[in-house]
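Working notes, beginning with the structure itself.
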Amino acid sequence: MNIYYGQYEFPIGKIFISATDAGLFNLALGQHDLALNFANLSLKSEFTFIEDPDRFEDLLVDLAGYFAGLPTDFNYPLDLRGASPFERSIWEKARQIPYGQVRSYKWMAAQIHNPNASKAVGRALGMNPLPIVIPCHRVIMHDMSLGGFSAGAGWKEKLLMQERGELRIL
């Protein structure tokens, strides 16, 4: 199977994007080592990597708008192969959180009718292969602390500040 990829520099940092013919596959924030990205993706399956930066033109326009402070819906086909039904349900709930708003892990657990699943929700969000597109950064701790994020707490804080209008990347 082919994975098409590109690495892009945004004022907020580097973003590695990949897709299959089925849809967006991975978005890695702050990754500088392409070999590491390929190794991480190869753990999921056997792929042939094809550099195709022009493939993501529409997404790059949407990301630029997002980083300029515009609420953006990333309505792209997604390739979520390997994800469990539980992870998919959590990611779908995260996609429903409006731009500029946050929800707690506890709230997310209640939404799936399992109020004791806050930690499982956190683990599922940590496995999100498409941060920003699936806005897991909008899920925080019940006490308003940030909680975890796959790209690190610094990225989560920047994304939340961006959406609140407190951070403007020019």
Side-chain angles (χ1 to χ4, degrees), residues 1-42 44 47-83 87-88 90-103 108 122 124-140 146-170:
M1 174 163 302
N2 294 333
I3 288 191
Y4 308 95
Y5 72 91
Q7 187 165 326
Y8 310 91
E9 186 70 45
F10 283 87
I12 201 166
K14 284 190 178 184
I15 298 179
F16 172 87
I17 304 169
S18 65
T20 66
D21 290 322
L24 290 175
F25 187 67
N26 183 264
L27 192 149
L29 304 171
Q31 296 289 335
H32 301 281
D33 184 352
L34 286 178
L36 178 61
N37 284 315
F38 295 149
N40 288 339
L41 293 175
S42 292
K44 296 180 181 183
F47 295 110
T48 300
F49 296 95
I50 302 167
E51 187 169 11
D52 187 3
D54 296 335
R55 182 180 202 87
F56 304 104
E57 189 173 303
D58 291 342
L59 178 58
L60 294 174
V61 169
D62 284 345
L63 284 169
Y66 174 82
F67 290 124
L70 302 174
T72 305
D73 289 322
F74 294 99
N75 292 322
Y76 293 91
L78 307 180
D79 183 341
L80 299 174
R81 74 184 66 225
E87 290 167 337
R88 288 173 187 257
I90 296 301
W91 299 341
E92 184 54 38
K93 289 291 180 194
R95 289 187 90 179
Q96 296 170 14
I97 301 170
Y99 179 94
Q101 295 185 25
V102 295
R103 301 291 187 267
M108 294 280 288
L125 291 170
M127 299 300 293
N128 173 11
L130 293 160
I132 300 176
V133 173
I134 299 173
C136 58
H137 61 278
R138 295 179 186 154
V139 182
I140 62 172
L146 289 182
F149 189 62
S150 60
W155 269 94
K156 186 171 189 172
E157 184 174 23
K158 285 180 195 177
L159 294 173
L160 290 172
M161 288 175 65
Q162 168 74 34
E163 290 188 17
R164 289 192 310 251
E166 297 173 15
L167 178 67
R168 284 287 175 243
I169 307 296
L170 302 175

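Starting from 1, each residue takes its place in the sequence as its number.
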Whether Trp91 side chain and Met127 backbone form a donor-acceptor pair below 3.5 Å: no

With the side chain counted from C-beta on, respond yes when Tyr4 and Ile17 share a heavy-atom pair under 4.5 Å apart, and no when they do not. no

Which atom of Ile132 lies closest to which atom of His137, heavy atoms considered: CA-CE1, 4.2 Å

d(Leu59 CG, Thr72 OG1) to nearest 0.5 Å is 10.0 Å

Straight-line distance of Leu63 CG to Leu70 CG, nearest 0.5 Å: 12.0 Å

Check whether the side chains of Asp62 and Tyr76 place a donor and an acceptor atom closer than 3.5 Å, and report yes or no. yes

Those residues at least two apart in sequence (or on a different chain) that pass salt bridge (Lys or Arg N to Asp or Glu O under 4.0 Å) with Arg88 are none

Going by salt bridge (Lys or Arg N to Asp or Glu O under 4.0 Å), name the residues that satisfy it together with Arg95, two or more places apart in sequence or in a different chain. none

Side-chain touch Glu51/Tyr5, heavy atoms, less than 4.5 angstrom: yes

With a 3.5 Å distance limit and no angle check, can you tell me whether Gln162 reaches the backbone of Tyr66 through a side-chain donor-acceptor pair? yes

Give me the one residue out of Asp79, Leu27, Leu78, Leu80 that meets side chain to side chain contact (heavy atoms under 4.5 Å, CB included) with Pro129. Leu80

Which heavy atom in Gly30 sits nearest to a heavy atom in Trp155, and how many Å separate them? N-CZ2, 3.6 Å

Any donor-acceptor pair under 3.5 Å from Tyr99 side chain to Asp73 backbone: no

Any side-chain heavy-atom pair from Gln96 and Lys93 closer than 4.5 angstrom? yes

Which atoms form the tightest heavy-atom contact between Phe56 and Ala19, and what is the distance? CE2-CB, 3.6 Å

Taking every heavy atom of Ile90 against every heavy atom of Met108, the minimum-distance pair comes out as O-CE, 3.4 Å

How many angstroms lie between atom CZ of Phe49 and atom CG of Asn2, to the nearest 0.5 angstrom? 10.0 Å

Taking the side chain as every heavy atom from C-beta outward, state whether Phe149 and Leu159 have any atom pair closer than 4.5 Å. yes

Looking at every heavy atom in both Asp52 and Tyr8, which two are closest together, and how far apart are they? O-OH, 4.4 Å

Against Glu163, only a single residue in Lys158, Gln101, Arg138 fulfils side chain to side chain donor-acceptor pair (under 3.5 Å); can you say which? Arg138

Sub-3.5 Å donor-acceptor pair from the side chain of Lys156 to the main-chain atoms of Cys136, do we have one? no

For a 4.5 angstrom cut-off between non-hydrogen side-chain atoms, does Phe74 reach Leu130? no

With heavy-atom distances below 4.5 Å as the criterion, would you say the side chains of Ile12 and Leu29 are in contact? no

If you compare all heavy atoms of Leu146 against all heavy atoms of Ala153, which two are closest, and at what distance to 0.1 Å? CD1-O, 4.0 Å

